[in-house]
Engineer: 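Encoded as structure tokens, here's the structure I'll be asking about.
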Amino acid sequence: MSEPLAPQYDPNAIEAPLYRQWKADRLFDAGRAGDPYVLMMPPPNVTAQLHMGHGLNNTVQDALARFERMRGRDTLWLPGTDHAGIATQNVVERLLAKEGQTRFDLGREEFVARVWQYVRETGATILEQLEAIGSSCDWTRTYFTLDEGLSRAVREAFVRLYEKGLIYRGHYIINWCPRCLTALSNEEAEKEEVDGHLYHLRYPLAAGGHLTVATTRPETMLGDTGVAVHPGDERYQHLIGTEVLLPLTGRRIPIVADDAVDPAFGSGAVKMTPAHDPTDFDIGRRHGLATIDIMTPEARIAETAPERFQGLDRFEARKRVIAELESLGLLEKIEPHRHAVGHCYRCGTIVEPRLSDQWFVRMAPLAEPALAAYRDGTLRFIPERRGDEYVQWLESIRDWCISRQLWWGHRIPVWYCDAPECGHQTVSRTDVTACAGCGGRVRQDDDVLDTWFSSWLVPFSSLGWPDRSADLDRYYPGDTLVTAPEILFFWVSRMVMAGCEFMGQSPFSTVYLHGTVRDTQHRKMSKSLGNGIDPLDVVERYGADALRYTILAGMTVGTDLILDPTDLESSFAAGRNFANKLWNAGRFIVSNVDGPTRPLAGVRADVVRHEELTLADRWIIARCDAIVIEATDAYERYRLNDAAAVLYRFLWSDLADWYIELIKPRLYGDIAGGDVARAVAVSVFDAALRCLHPVMPFITDALWRRIPGRAAEATIMRAHWPRPDRRAPDEEAVRDFTLVQELIGTIRAIRAEYNVQPGQQVRAIVTGLSPAARRGFSAELGTIVRLARLASLGFEATDERVGGHAALSDGSSLFVPLGDAIDLGRECRRLGDEVTRLRQLIDAQENRLGNAQFTARAPADVVERERQKLRSWTDQAGVLTAKRELLGC
RNA sequence: GGGCGAAUAGCUCAGCUGGUUCAGAGCGCCUGCCUUACACGCAGGAUGUCGGGGGUUCGAAUCCCUCUUCGCCCACCA
């Protein structure tokens, strides 16, 4: 009825058109009957290109979405992108640099317009790329964090938090990226261990002598305004309250006592640079120390320092400071020192702690409900241990610096009065044009908000919040969040906090944290290392299903996925081969079923009744029921690799290698029962395709649609999840048929062992049969004879002696007489030659091991290996000799 | 410095609550096959001190201790 299928599966011809069909038929869109099931996609950067991390993340989500959809839930997989403030601004600034311009040349408005233009041109790419791997997102609800609605949500959240006193502006030390020229949150300053130095400097005391201080950043001494010691430190009691003469600057600075100083570290005296170190800032504030900012935003030495240092890069200045101190005899020593240094998470530049005015969110009050959600079980993590990290972070949470000195993003909704004598500050949901205090001119805060300040609202802002929309009612809170552990703190924890704060409950109940994609050296795949794999390239060469299969089959819960970027074939061929195997199994079944088949269960008269089923039929049905249960269980437990493996084994080994092979005579009409075989084959194939659909959506739908009897518009996406036969499992069929398989396999092994020609028939004799085995062998006699290439299967002992023996697992004995099946003379000669060859090897080896020189001088493991060789050869020779005796040579 | 994870075939990994699918899968390797769905295939085969050492137990890849090696998260000893 349908067009003939090609023997080679061509994913390129199937996948893309099928995706277009699904999309046109609106199969991804939420809004059906059923319990809602909501997956929130971690928004990729709007200008990102698809990489393997996206591939993994979205494959997992898509598998879950498809599974739940088929189980009858109203599935909403909500896609979107974020504006990625720093990253996107950097990209456009680099483009401008090529034209020899900076953003300052354009001015703010013009620059932002340029970024918008860039985003509009490239922005949809990442989402289109997600389509290529089969992502069944609800594209009608796609969001972007700078959309009008989401921007309104950002202002609403800001104003509400401000009004509750949870947002404040403060003058503190923050992490500053001198390259991106903006403040960063603690999470954005990635701590990394580096090998640095600990410099011991001598500060001359005003009263004579000197005090040694230790520092890792000697250049900051230009901004020192004090030295601190521990109040209980007896070495320095007499110095507290006195002064030192700060070298290179000529400043006199006080020595103070503070509990925060660890007397055991270094010399026990710490130089205080309140403008460039958070601890020093705190201590300085307690003791009224001055703050001297000695660096420009670019981290060059500023005009507040002596002239000869001005304009020097911080690391140049470090060298210069050390050189000068050394020449003054004030450098005591330099020790190697390993310590953690913050790096900008966008550009890798070493972060500089910097004193500045920024906006902060007070986090402790927000953290409490987020902790409670985890502790009362409404929020869980997979794998579970990730919950500990979550708790640890929330319990020691620090305030969140949310202002960024960028132009691309949500501008902070605060307006300041221009009039210095008024100084009023207005925080507003809507744009402000006049001062609420004096009616004068206002200007909006120059800074924008951290991108994550919009991302943390996404679970509800993307559904219409702050409006009380129908979507918000139906789809909040969602169910599962699938993401990489890297953004647990950036995004996941904050979403829970925002959800609890603004919606009263966590935005999801399960957080599934998957691993990272790495190369064979376990390095994270990245553009800069050049060790990435382009998922689209894989789709092109192997197909999206092959990509998905490889990802899911290779990924255990909570572990990383290792792929070899230099050898795509070894990584992805398995998936492609499986797709091709499926394709051909489907091709075989479809082409051997010309019309509607009788159903296996039902009330009509034409159903296949149990009595009509052969042992093999009952076996494959029982196996199918079992794998439906196993696969369902695996999906429910997020063990997608188990689901993939179970289905792979069933479809390839059970269905293709065994069942299809042994129903051929029935299908070809050589023996009766063809229509029953067709019904069974179609039924189990159909069920397995459905179970496999979340893993390999394209080929399963392509084949499923071609099963005869389908309506034209039928799609597996709308098929319900298979339900196993609820009757007691047919254990008898499984047991009996397994023994049939064992018998066939054993006969085949004997044939191979004795070099029986493929076309040569042999006899097989089984004695000592259990009733179950006897029953099974009789039921599938034809199958056994055909697949083992037998002339006959007998159950009476024979007095023949030449042939192969084996014991079967039910206790019966198998004998395959070979006297008339092989050329005895030739086989004896072959075995004889082989034994002779082994004897020679054994002699030589015994000589070698008998040589005292060798055993004394060779390494122990080499000797052991040689001994093993000897043992193995001796064993082989024994086996062959026994074989010769059996054959009567 | 604190916390956590991993180590099983040449490679990538399963092995869940100790014991009848316990030593497994895929790839790779060896042997033989173009058997009318599939050579991206079929049949058969080889390969392991389950990281080292100690312990608990009738029994350990599995539980405990310890060591080694890799990896991750957290951290204001300057």
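Per chain, numbering begins at 1; letters A, B, ... match sequence-line order. Bear in mind the structure is a predicted one, so any value in this text is a computation, not a measurement.
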Engineer: So if I take every side-chain heavy atom of A:Tyr648 and compare against B:G26, B:C38, B:C77, which nucleotide ends up nearest?
Structural biologist: B:G26
Engineer: Between A:Arg398 and B:A75, is there a side-chain N or O to OP1/OP2 distance below 4.0 Å?
Structural biologist: yes
Engineer: Counting only distance, no hydrogens or angles, is the base of B:A37 paired donor-acceptor with the side chain of A:Gln8 under 3.5 Å?
Structural biologist: no
Engineer: Once each nucleotide of nucleotides 14-23 of chain B is scored for protein heavy atoms under 4.0 Å, what B/S/- sequence comes out, 5' to 3'?
Structural biologist: SSB-------
Engineer: Measure from the side-chain N and O atoms of A:Arg623 to the backbone N and O of A:Val734, and report whether any donor-acceptor pair falls under 3.5 Å.
Structural biologist: no
Engineer: Could you state the atom-to-atom distance from CD of A:Glu192 to C1' of B:A75 in whole Å?
Structural biologist: 15 Å
Engineer: Between B:C27, B:A37, B:C76, which one does the side chain of A:Ser570 approach most closely?
Structural biologist: B:C27
Engineer: Do A:Arg354 side-chain atoms and A:Ile174 backbone N/O form a donor-acceptor pair below 3.5 Å?
Structural biologist: no
Engineer: Using atom C1' in both nucleotides, what's the gap between B:U47 and B:A25 to the nearest angstrom?
Structural biologist: 15 Å
Engineer: Does the side chain of A:Asp399 pick up a donor-acceptor pair with the side chain of A:Tyr172 at under 3.5 Å?
Structural biologist: no
Engineer: Say whether, by atom type as modelled, one donor and one acceptor occur between the side chain of A:His200 and the main chain of A:Thr212 under 3.5 angstrom.
Structural biologist: no
Engineer: Nearest whole Å is fine: how far is B:C42 C1' from A:Ile660 CD1?
Structural biologist: 14 Å
Engineer: With distance as the sole criterion, is a donor-acceptor pair present between the side chains of A:Tyr345 and A:Glu190 under 3.5 Å?
Structural biologist: no
Engineer: I'd like the C1' distance from B:U68 over to B:C27, given in whole Å.
Structural biologist: 30 Å
Engineer: Between P on B:C42 and CG on A:Leu655, what's the gap in Å once rounded to a whole number?
Structural biologist: 13 Å
Engineer: Do other residues, nucleotides or ligands put more than 12 heavy atoms under 6.0 Å from A:Glu395 CD?
Structural biologist: yes
Engineer: Using atom P in both nucleotides, what's the gap between B:G71 and B:C76 to the nearest angstrom?
Structural biologist: 23 Å
Engineer: Using a heavy-atom cut-off of 4.0 Å across all strands, would you classify A:Trp652 as base, sugar-phosphate, or nothing?
Structural biologist: sugar-phosphate
Engineer: With sugar-phosphate meaning primed atoms plus P, OP1 and OP2, does A:Val261 contact a base, only sugar-phosphate, or nothing at under 4.0 Å between heavy atoms?
Structural biologist: base
Engineer: With rounding to the closest Å, how many angstrom separate the P atoms on B:C63 and B:U17?
Structural biologist: 8 Å
Engineer: Is the NZ atom of A:Lys664 crowded by more than 12 outside heavy atoms at less than 6.0 Å?
Structural biologist: yes
Engineer: If I take atom CG in residue A:Leu56 and atom P in nucleotide B:C13, what distance separates them, rounded to the nearest angstrom?
Structural biologist: 13 Å
Engineer: Within the structure, does a side-chain N or O atom of A:Lys524 lie under 4.0 Å from either OP1 or OP2 of B:C72?
Structural biologist: no
Engineer: I want to check a possible cation-pi pair here: A:Lys581 against A:Tyr648, using under 6.0 Å from ring centre and within 45° of the ring axis as the test.
Structural biologist: no
Engineer: A:Glu193 versus A:Arg338: any side-chain heavy-atom pair under 4.5 Å?
Structural biologist: yes
Engineer: Let me know, please, whether A:Leu561 or A:Thr215 comes out on the 5' side of the other along RNA chain B by nearest nucleotide.
Structural biologist: A:Leu561
Engineer: Which part of the nucleic acid, if any, lies within reach of A:Lys664 when heavy atoms closer than 4.0 Å are counted: base, sugar-phosphate only, or nothing?
Structural biologist: base
Engineer: Need one value for A:Tyr668: base, sugar-phosphate or nothing, where a base atom within 4.0 Å counts as base even if backbone is also close, heavy atoms only.
Structural biologist: sugar-phosphate
Engineer: Taking any heavy-atom pair under 4.0 Å as a contact, classify A:Phe489: base, sugar-phosphate, or nothing.
Structural biologist: sugar-phosphate
Engineer: For B:G53 versus B:C58, give the span between their C1' atoms, rounded off to a whole number of Å.
Structural biologist: 24 Å
Engineer: Using the closest heavy atom to pick a nucleotide of RNA chain B for each, name whichever of A:Phe588 or A:Ser396 lands nearer the 5' end.
Structural biologist: A:Phe588
Engineer: Applying the side chain to side chain contact (heavy atoms under 4.5 Å, CB included) test to A:Tyr199, which of A:His337, A:Arg217, A:Arg318 qualifies?
Structural biologist: A:Arg318
Engineer: Any side-chain N or O of A:Asn577 less than 4.0 Å from the OP1 or OP2 oxygen of B:G41?
Structural biologist: yes
Engineer: Can you name the residues that form a ring-ring contact (aromatic ring centres under 6.0 Å, His included) with A:Trp393, not counting sequence neighbours?
Structural biologist: A:Phe489
Engineer: Take the protein atom CG of A:Leu552 and the nucleotide atom C1' of B:G26, then report the distance between them rounded to whole Å.
Structural biologist: 15 Å
Engineer: Of the candidate nucleotides B:A78, B:U35, B:G5, which contains the atom at the shortest distance from the side chain of A:Asp277?
Structural biologist: B:A78
Engineer: How far does the P atom of B:C65 sit from the matching atom of B:C4, given to the nearest Å?
Structural biologist: 11 Å
Engineer: Could you please name the option among B:G32, B:A75, B:C4 that lies closest to any side-chain atom of A:Pro758?
Structural biologist: B:G32
Engineer: Scan A:His337 against the nucleic acid and name what it touches under 4.0 Å (heavy atoms): base, sugar-phosphate only, or nothing.
Structural biologist: sugar-phosphate
Engineer: Counting any heavy atom closer than 4.0 Å, what does A:Gln757 reach on the DNA or RNA strands: base, sugar-phosphate only, or nothing?
Structural biologist: nothing
Engineer: Answer yes or no: side-chain N or O of A:Lys581 and base N or O of B:C38 forming a donor-acceptor pair under 3.5 Å.
Structural biologist: yes
Engineer: Please measure how far the C1' atom in B:G10 lies from the corresponding atom in B:A46, and state the result in whole Å.
Structural biologist: 13 Å
Engineer: Using a 4.0 Å heavy-atom cut-off across all strands, classify A:Ala656 as base, sugar-phosphate, or nothing.
Structural biologist: base
Engineer: Report the residue from A:Asp258, A:Asp280, A:Asp259 that forms a salt bridge (charged side-chain N to carboxylate O under 4.0 Å, His left out) with A:Arg286.
Structural biologist: A:Asp258
Engineer: Let's see if you can work this out: which of B:U12, B:A37, B:A78 has an atom nearest to the side-chain heavy atoms of A:Ile562?
Structural biologist: B:U12
Engineer: Give the ring-plane orientation class for A:Trp583 versus A:Tyr9, where under 30° counts as parallel, over 60° as perpendicular and anything between as tilted.
Structural biologist: tilted
Engineer: What contact category does A:Ala749 fall into here, base, sugar-phosphate, or nothing, at under 4.0 angstrom with non-hydrogen atoms?
Structural biologist: sugar-phosphate
Engineer: Identify which nucleotide among B:A78, B:C73, B:C76 has an atom closest to any side-chain atom of A:Thr216, counting heavy atoms from C-beta outward.
Structural biologist: B:A78
Engineer: Can you tell me the distance, in whole Å, between the CG atom of A:Asp560 and the P atom of B:C70?
Structural biologist: 17 Å
Engineer: Any base atoms under 4.0 Å from A:Glu187, or only sugar-phosphate, or nothing? Heavy atoms, all strands.
Structural biologist: nothing
Engineer: Taking the minimum atom-to-atom distance to the side chain of A:Arg748, which one of B:A78, B:A43, B:C4 wins?
Structural biologist: B:A43
Engineer: Taking both distances under 3.5 Å as the test for a Watson-Crick or G-U pair, what stems of at least three pairs does RNA chain B have?
Structural biologist: B:1-7 with B:68-74, B:10-13 with B:24-27, B:29-33 with B:41-45, B:51-55 with B:63-67
Engineer: Between the main-chain N or O of A:Asp560 and the side-chain N or O of A:Thr516, is there a donor-acceptor pair closer than 3.5 Å?
Structural biologist: no
Engineer: Starting at atom CZ of A:Arg789, determine the distance to atom P of B:C33, rounded to an integer number of angstrom.
Structural biologist: 12 Å
Engineer: Could you please name the option among B:A43, B:G41, B:A37 that lies closest to any side-chain atom of A:Asp657?
Structural biologist: B:A43
Engineer: For B:G2 versus B:A9, give the span between their P atoms, rounded off to a whole number of Å.
Structural biologist: 32 Å
Engineer: Considering every strand and a 4.0 Å limit on heavy-atom distances, what is the contact class for A:Ala574: base, sugar-phosphate, or nothing?
Structural biologist: sugar-phosphate
Engineer: Round to the nearest Å and state the distance from A:Ile533 atom CD1 to B:U12 atom C1'.
Structural biologist: 12 Å
